[in-house]
Amino acid sequence: MIELKGLTKIFPTEEGTFTALDHVDITIRDGAIYGIIGMSGAGKSTLVRCINLLERPTEGNVLIDGEDMTALSPKALRQKRRSISMIFQQFNLLMQRTCLSNICFPMEIAGVPAAQAKKRAMELLELVGLPDKADAYPVQLSGGQKQRIAIARALASDPKVLLCDEATSALDPTTTRSILRLIQDINKRLGITVIVITHEMAVVEEICSHVAILDHGKVMETGTVEEVFSNP
Ligand code: ADP
Ligand code: ADP
């Protein structure tokens, strides 16, 4: 379970300060597909950086399974961060490496023996439906295929949480649906908690069970997708 409690981020600016997140309270249960929706400037990126512990909140706490991340040492934090994997709008694949090598990369960093990493990477390629792309380079792939490789890479560290930051924003509607189905499948089959950060209502409606609406750094509403989006 991920709990954001009174999460506040205030940046210093030339004019004084800017409150990017204002006492955000969100609880994300294990196994959920949780959407966080908001327009540009709502605070989504800042929230992502607080959840994956790249940014320290000014105030409030990030609790993962009851443990307060804001209290951890840098070393413990680095370790904890490995349980949260990310995918991005621009895929962020390494262009000089093959797909297989991209997927092996996080395992290399973690010190997994090469043969074992390669075996796991092949399984992950199978899981994302691209077993024949092991030796291809990212430039040879479509956007949807690149995102599948990025998903495989994200899963290589056996995360508990998959954080999707505008992961389908660069894709056409058909490809978006196929990527969302893959994410849904991964959530069900592997029991990984998914957090979907997006400015697109359709994405949330397609796969999320719960949603929080973020506006000017504040949570306007939280609940099941039916509760929040139903028109009375
Ligand atoms: P979103 O991802 O929803 O577009 P962001 O989290 O990127 O929103 O930004 C929210 C607001 O916080 C924006 O108005 C942005 O300009 C401001 N902001 C983000 N980072 C900083 C920073 N380091 N210093 C000052 N203001 C920032
Ligand atoms: P994204 O495209 O993911 O929303 P942004 O372009 O909002 O990212 O932010 C990229 C980087 O610039 C972040 O590190 C953020 O903290 C910083 N940043 C965003 N807005 C501001 C701002 N108004 N002043 C200073 N830094 C900012």
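Counting convention: from 1, in listed order, for ligands and their atoms alike. Atoms considered below: every heavy atom in the structure, side chains included; atoms not considered: hydrogens, waters and symmetry mates. If you read the sequence from its start, that first residue is 1, and numbering goes on from there.
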Geometry only, no angles: is T13 polar-contacting ligand 1 at N/O separations under 3.5 Å? no
Out of I37, D215, T46, whose heavy atom sits nearest atom 5 (P) of ligand 1? T46
Would you say ligand 1 has an N or O under 3.5 Å from any N or O of L47? no
Residues 117-139 side chain polar contacts: donor-acceptor under 3.5 Å, at least two apart:
residue : atom : partner : partner atom : Å
R120    : NH1  : E123    : OE1          : 3.2
R120    : NH2  : D158    : OD1          : 3.3

On a heavy-atom basis, the closest approach of I51 and I84 is O-CD1, 3.6 Å
Contact with ligand 1 for G38, non-hydrogen, under 4.0 angstrom: no
Within less than 4.0 angstrom of ligand 1, does M39 place any heavy atom? yes
Only heavy atoms count here, so choose which of P12, S40, G43 is nearest to atom 8 (O) of ligand 1. G43
Over all atoms of both residues, closest heavy-atom pair of P57 and G60: CG-O, 4.1 Å
Examine F18 against ligand 1 and note whether any of their N/O atoms are separated by less than 3.5 Å. no
So, regarding A20 and ligand 1 (criterion: nitrogen or oxygen to nitrogen or oxygen, under 3.5 Å), is there a contact or not? no
Are the side chains of T46 and F11 in contact, using a 4.5 Å heavy-atom criterion? yes
Could you grab the distance from atom NZ of K44 to atom CG of L47, nearest 0.5 Å is fine? 10.0 Å
If we ignore angles and hydrogens, is there a donor and acceptor under 3.5 Å between the side chains of E59 and H23? yes
